[in-house]
Amino acid sequence: MTRYVFITGGVVSSLGKGLASAALGALLQSRGYTVRLRKLDPYLNVDPGTMSPFEHGEVYVTDDGAETDLDLGHYERFTGVAARKSDSISSGKIYSQVLEKERRGKYLGETIQVIPHVTNEIKDFIACGDGEVDFMLCEIGGTVGDIEGLPFFEAIRQFSQERQPRQCIFLHLTLVPFIESCNELKTKPTQHSVKELRSIGISPDILVCRSQGPLPEKVREKISLFCNVSPGAVVSAPDLSSIYEAPVAYHEEGLDGAVIDAFGIDPAPRPDLSRWNDVTERMNNAEGSVRVAVVGKYTELGDAYKSIDEALSHGGIANRVKVSAKWIQAEIFESEDPSLHLEGVHAILIPGGFGVRGSEGKICAAKFARHKLVPFFGICFGMQMAVIEAARNLAGLDDAGSEEFDHDRSEGGEARKSFSRVVFHLKQWEQDGETQSRKPDDLKGGTMRLGAYSASLSHGSRVADIYRATEISERHRHRYEVDVKYKALLEKHGLSFSGMSPDGKLPEIVEISNHPWFIGVQFHPELKSRPFEPHPLFADFIRAAKEQSRLV
Ligand code: GLN
């Protein structure tokens, strides 16, 4: 029987609900249970694929090609369980499914309403895969009381009502702020938030209380009494210096124990936290630090490059160093000398990106890394910029560019120029034996080359050595592609195409061998990195940065 944990949030947003859910998933795994985590987002976008990273943070991509909320990245990083399309839903998707059924006449003339049609659709989503795992953890996005969240709260209330007793529990995350003027922790926001939850028929079984420090016993007792939750089910969740301390810290505060008790599981299997103890031990005993410049576009918002940031820290865990990322706006290099910002960094990374703005700055950064022999990692757009740089400055194709820039400019009304389309708009490719076709005026949502694709690596290449394999599978999310017709020319000038799609048509990896570490990849390796299993490319990139730190 699958047991369900519904995770909701109150008081304010950004309390770390995703992280708490992910840490709980890891703790249940540590007791030998199988878990799956799901995210239900009340916003009206069909998926976050078209949302700006400035507003919503990064778009996380699953193996099966879904563009999802970044919390699915936390879930994967903490549990190692690959997320699927069926693990992420939004109001937009729910409503479009309901409306699609209505148009097809599936409701046989009924009047379509939020209850039961929308709530039934939500319940079907939650129940999909019932019985496959021991625990299904479902996180509801937003905060209790949000208008658009109501159908989700109603659906989980009904869901638990329809299941067996003790098959579903509700875990509510709140904030216990410290008010300096009176030197006190305040429980009132938690009380109000629980009241709000009760008003829609949900009584929380567990309260996870976020606060700066651990909650004193007295405060826990007060929350327990006023919110009608047993004292052991009021879990203190203090701020931590690293997110990877969460499983051990939350275990010590009794989170998994409270969940086991709420389900009435007795005796409970004992947890084995060695994986997490090892991760924290490595983080807390770093033997040095390396500085990595990340040259991007959305650098003001930490969440825009969440998986990159995490994968870099995993590389640090693998090498026992602390990685400090220096976030740099690529546009700066269009007016300022790159060495002012890049001199002294131990490695340079250009992450994925979209649009012409900042692209010349990224090309400058790639050139700096190539010339100054600084370890360089180009990811997706970063690889495309590195290839354009090599085409211009190694192979003499002065007019090398990407069709993406041309599309961007032509939207502003400027006439199309002729140039060497080293990066071109991919209109046809193979996926699992089927041909995928795209047109420039296709819908924007969900039409990129998305999800897991395999690549064949050249024997003897640096990447084959790093992966210890010549067949790999990595996740993609892009519309443009390096044109294979430039392969021979670029290889003649030292940029080797060491990874190709299995049919040999699409360049997947480029590298320069007479450079300490210069690799560009068309895919997103950061999405598959875990603290306890750092991605080999990130582990080796940070190893190279560590070497570099000994030289400068
Ligand atoms: N904008 C580029 C493309 O669509 C790169 C995308 C990315 O970096 N994810 O191909």
Side-chain angles (χ1 to χ4, degrees), residues 47-54 56-63 65-68 70 73 294-299 303-309 311 330 348-363 365-366 376-389 391 400-411 421-429 431 436 438-453 455 474-484 486 501 505-510 519-528 537:
D47 63 41
T50 53
M51 283 160 120
S52 161
F54 280 124
H56 196 69
E58 90 174 358
V59 175
Y60 193 76
V61 181
T62 59
D63 275 333
E67 295 179 285
T68 74
L70 55 76
V294 183
V295 181
K297 182 167 165 184
Y298 318 107
T299 47
D303 275 357
Y305 297 114
K306 191 77 208 151
S307 294
I308 295 272
D309 200 14
I348 297 170
L349 185 149
I350 304 182
F354 292 84
V356 68
R357 189 165 68 75
S359 57
E360 288 300 324
K362 292 177 187 176
I363 291 169
F376 173 84
F377 199 0
I379 292 180
C380 203
F381 195 72
M383 159 174 161
Q384 296 172 358
M385 297 308 103
V387 173
I388 291 173
E389 191 280 317
S402 166
E403 225 175 330
E404 180 169 5
F405 308 160
D406 196 40
H407 286 163
D408 258 26
R409 290 197 188 101
S410 62
E411 274 168 28
R421 286 172 160 70
V422 171
V423 178
F424 74 110
H425 186 194
L426 184 67
K427 298 187 190 64
Q428 207 162 312
W429 68 91
Q431 183 179 29
Q436 298 281 335
R438 297 287 186 271
K439 292 191 292 311
D441 55 354
D442 271 343
L443 295 177
K444 283 275 179 277
T447 53
M448 283 189 248
R449 183 173 176 236
L450 284 169
Y453 283 88
E474 292 282 3
R475 296 181 195 169
H476 290 244
R477 180 174 186 252
H478 56 107
R479 246 180 262 287
Y480 299 87
E481 192 90 33
V482 172
D483 196 332
V484 71
Y486 294 98
S501 59
K505 289 186 185 159
L506 305 176
E508 291 277 0
I509 305 179
V510 294
I519 293 177
V521 295
Q522 185 55 73
F523 45 81
H524 291 274
E526 72 275 19
L527 303 177
K528 285 175 63 169
L537 285 173

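Given the structure is predicted, the values throughout are model-derived calculations rather than measurements. Atoms within a ligand are numbered from 1 in the order they appear, just like the ligands themselves.
- Ligand 1 has no N or O atom lying under 3.5 Å from any N or O atom of E481, backbone or side chain.
- A distance-only check finds a donor-acceptor pair linking the side chain of K297 to the backbone of F354 [under 3.5 Å].
- Between F381 and F405, the two ring planes are perpendicular [angle over 60°; tilted spans 30° to 60°].
- More than 12 heavy-atom neighbours from other residues, nucleotides or ligands sit within 6.0 angstrom of NZ on K427.
- Those atoms of ligand 1 that come under 4.0 Å of a heavy atom in H524, given as number and element, are 9 (N).
- E403 places a side-chain N or O within donor-acceptor distance of the main-chain N or O of H425, the cut-off being under 3.5 Å.
- Of the possible polar contacts, one joining the E58 side chain to the S307 backbone as a donor-acceptor pair under 3.5 Å is found.
- Scanning the protein for heavy atoms near atom 7 (C) of ligand 1, the closest one is C380 SG, 3.0 Å.
- Listed for the R438 side chain is a donor-acceptor partner under 3.5 Å among the backbone atoms of T447.
- Among protein heavy atoms, the minimum distance from atom 4 (O) of ligand 1 is reached at R479 N, 2.8 Å.
- Residue contacts with ligand 1 include Q384, since one of its heavy atoms falls under 4.0 Å from the ligand.
- Judged by distance alone, the side chains of E508 and Q522 never bring a donor and an acceptor atom under 3.5 Å apart.
- For ligand 1, the atoms sitting less than 4.0 Å from at least one non-hydrogen atom of G352 are 8 (O), numbered in the order shown with element in parentheses.
- Below 3.5 Å of separation, one finds no N or O of F354 facing any N or O of ligand 1.
- In terms of polar-atom proximity, defined here as any N/O pair under 3.5 Å, G353 does make such a contact with ligand 1.
- The protein heavy-atom contact nearest to atom 10 (O) of ligand 1 is Y480 N, 2.8 Å.
- Atom numbering of ligand 1 starts at 1 in the shown order; those under 4.0 Å from a heavy atom of H478 are 3 (C), 4 (O), 6 (C), 10 (O).
- The heavy atom nearest to atom 1 (N) of ligand 1, out of those in Q522, R477, E404, R449, is found in E404.
- Looking only at atom types and distance, the side chain of Q384 has no donor-acceptor partner in the side chain of H478 under 3.5 Å away.
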